[in-house]
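Residue numbers run from 1 in the order of the sequence given. Given the structure is predicted, the values throughout are model-derived calculations rather than measurements.
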Amino acid sequence: MRTGGDLVVETLAALGATTVFGEPGQHALALFDALRRSSLRYVGCRTELGVAFAADGHARATGTVTPFMVSTGPGALATLPALMESRLACAPVVGISSQIPSDGLGGRRKGYLHELPDQAASFRGVAVSVQVVRSAAQIPSALAQAWEAALSVPQGPAWVEIPQDVLLAPTDVPPPAHLSVRPRTPLPRAELVRQAARALDSAANPVILAGGGASLSGAGPELLALAERLRAPVATTFAAKGVFPCEHPLSLRSWLEDRYVTDFLEQADVLLVAGTGLGELSSNYHTMRPKGRVIHIEADLGKLEANTSGSLAVHADAKATLGALAAAVRPREGDGRAEAAVAGVLRRVRDRLGGHEQEFALLEAIPTGVLSFWDMTILTYWAWSAFPGPMWSAQGAGGLGYALPAAVGAAASGRRALAISGDGGAMYGLAELATMRQHDLDVTWLIVDDGGYGILREYMTDAFGAPSGTELVRPDFADLAASFGVPARTATPDSLAGQLTDALGQPGPNVVVLRARPRMFAQT
């Protein structure tokens with residue numbers, strides 16, 4: 001007998017899914033029974049928050065949609081912090097939740113377990129698409145629409161709810177053989193490209209600020225071509241690390257919380273901003289005031305000119321627009337002035353940070369050639385500015401507990417992953433130690449144990465003279481990992497590089513505990 005649950009799983013397979021993350025619950029059991037009998041890989045996490053974070057990590061690692069399944073009420077609502085992260089970071093996930101039986105929907109208040117007056121309403125301000133299925137016949141189209149919405153630029157999480165009775169009932173709706181999905185990508189208008197190219201050609205000192213949208217769209221080659229044709233320095237936001245070569249002589253890197261870099265961006269006579277809304281972190285806490293012309297390329301219409309005024313605004317995908325501009329602008333002869341200016345800025349930044357040798361050394365111990373996922377911790381705040389390679393962090397929503405389940409999700413794609421947490425953030429993800437072990441995933445978890453919420457400790461001390469609520473009782477993380485059958489080792493700042501190299505070279509899961517107390521650099 002085929003059920004509505006089978007039709008869900010068959011539809012996911014037809015859409016191209018290979019892996020599903022989940023946590024079972026009473027109303028959703030038909031989904032998990034169907035998964036058991038399917039060819040899809042199931043990775044079961046220990047909390048619904050971990051499920052949704054794992055799907056986010058898998059989606060970022062693979063670059064395509066990742067589905068997850070949870071149950072009604074508390075299970076569904078527990079995914080909201082992770083969906084907020086996926087929304088703000090443009091990670092394409094599709095959450096599939098069960099619902100109470102159909103006769104309890106519509107506010108009837110039948111008194112079912114997990115009943116809410118309107119569960120879907122909780123997701124409408126977070127997901128890019130929310131649908132409630134009413135019959136098995138709607139399942140293939142609803143999931144295809146959710147898949148398309150998740151992939152449409154700007155990407156994000158889509159949400160589908162299916163009542164328990166629809167999932168359990170027999171169905172003769174045939175398995176979908178083909179589902180048409182056509183994600184939307186906004187393309188630049190030709191007249192705006194011409195106008196932007198004229199402005200760039202007339203600029204004496206153009207500068208480029210590339211954001212996460214440039215990275216997500218795969219605009220690295222187009223960005224490099226445009227920068228080299230213009231001889232324009234390039235800064236990248238924290239979400240765009242790796243989209244422009246870090247060691248390139250035109251690279252300002254990601255020192256966006258430094259006033260020297262902010263001043264440099266402000267002084268450009270044309271500042272090309274591509275793939276960022278110039279939010280709090282990307283604008284040095286809204287202190288950046290460009291003095292020249294701003295060209296703003298942004299695929300999210302709500303962010304277009306949200307933090308600029310009087311700019312040349314281009315609502316379009318970064319890759320397509322940067323490619324069109326690279327073809328349209330006139331190439332310039334290099335005289336070395338732009339490269340010298342970049343080198344001067346970076347030298348002043350590094351000189352300002354004298355005395356932070358430990359923090360630089362810790363970052364240098366972390367390899368750039370591995371998928372890395374970072375919780376909100378002092379080392380992550382350093383990495384946003386100073387880590388040379390690509391990285392994924394929870395900077396979208398700024399919540400704790402992201403790193404380990406996201407790394408679990410990435411490792412399920414078949415690649416080694418590194419998670420980095422502070423001891424405070426680690427407490428949010430401890431349950432996924434069991435997931436690492438059960439699925440024998442290639443995840444190394446680095447826990448930086450500084451005795452509490454380190455960054456909040458510093459913020460409170462600076463603001464109020466003393467911290468409060470920041471000092472934490474925590475377990476012996478190495479012993480705790482070992483109790484799950486996960487090998488663990490401890491490291492000092494001096495031994496971290498070697499310990500990480502060894503851990504990353506071992507198959508399966510492992511943990512490295514670093515006992516250190518990094519300090520945050522002073523704000524400018």
Using only heavy-atom distances, determine whether the side chains of [X] and [Y] contain a donor-acceptor pair under 3.5 Å.
X	Y	result
T287	R259	yes
D56	Y402	yes
T185	D317	no
S413	T62	no
W374	S372	yes
S311	R293	no
E458	T461	no
E257	Y285	yes
H58	T66	yes

**OP:** Check the pair W159, T79 against side chain to side chain contact (heavy atoms under 4.5 Å, CB included), reporting the backbone distance first and the verdict last.
**Re:** CA-CA 11 Å; W159 185 255; T79 69; 3.8 Å; yes
**OP:** Please confirm whether the backbone N or O of A503 pairs with a side-chain atom of N510, one donor and one acceptor, at under 3.5 Å?
**Re:**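 Side chain of N510 to backbone of A503: a pair is present.
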Original post:
Yes or no on side chain to side chain contact (heavy atoms under 4.5 Å, CB included) for L256 and N284, after CA distance, side-chain angles and deciding distance?
Top reply: CA-CA 6 Å; L256 297 188; N284 203 349; 5.9 Å; no
**OP:** Hey, could you give me each pair passing ring-ring contact (aromatic ring centres under 6.0 Å, His included) that has a residue in residues 207-253? Not counting sequence neighbours.
**Re:**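 Every pair satisfying ring-ring contact (aromatic ring centres under 6.0 Å, His included) with a residue in residues 207-253: F238-W384, F244-H248.
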What are the two closest heavy atoms between [X] and [Y], and how far apart are they?
X	Y	answer
A158	A146	CB-O, 3.4 Å
P487	P509	CD-O, 3.3 Å
L252	P233	CD1-CB, 4.0 Å
D269	A204	OD2-N, 2.6 Å
L371	R415	CD2-NH2, 3.6 Å

**OP:** Would you give the length of the straight line joining atom CG of L404 to atom CG of D375, rounded to the nearest 0.5 angstrom?
**Re:**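 The CG atom of D375 is 8.5 Å from CG of L404, to the nearest 0.5 Å.
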Subject >> Trace of the ring pair (Phe, Tyr, Trp, His ring centres under 6.0 Å) decision for F360 with W382 >> reply: CA-CA 8 Å; F360 279 109; W382 271 94; 5.3 Å; yes
Subject >> Under-4.0 Å salt bridge between R46 and E432 >> reply: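 Looking at E432 together with R46, the answer is no, because their closest N to O distance does not fall below 4.0 Å.
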Subject >> Ion pair E333/R231, N-O distance below 4.0 Å >> reply: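 Salt bridge absent between E333 and R231.
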**OP:** Given side chain to side chain contact (heavy atoms under 4.5 Å, CB included), test L400 with T377 step by step and report yes or no.
**Re:** CA-CA 9 Å; L400 288 174; T377 185; over 6 Å; no
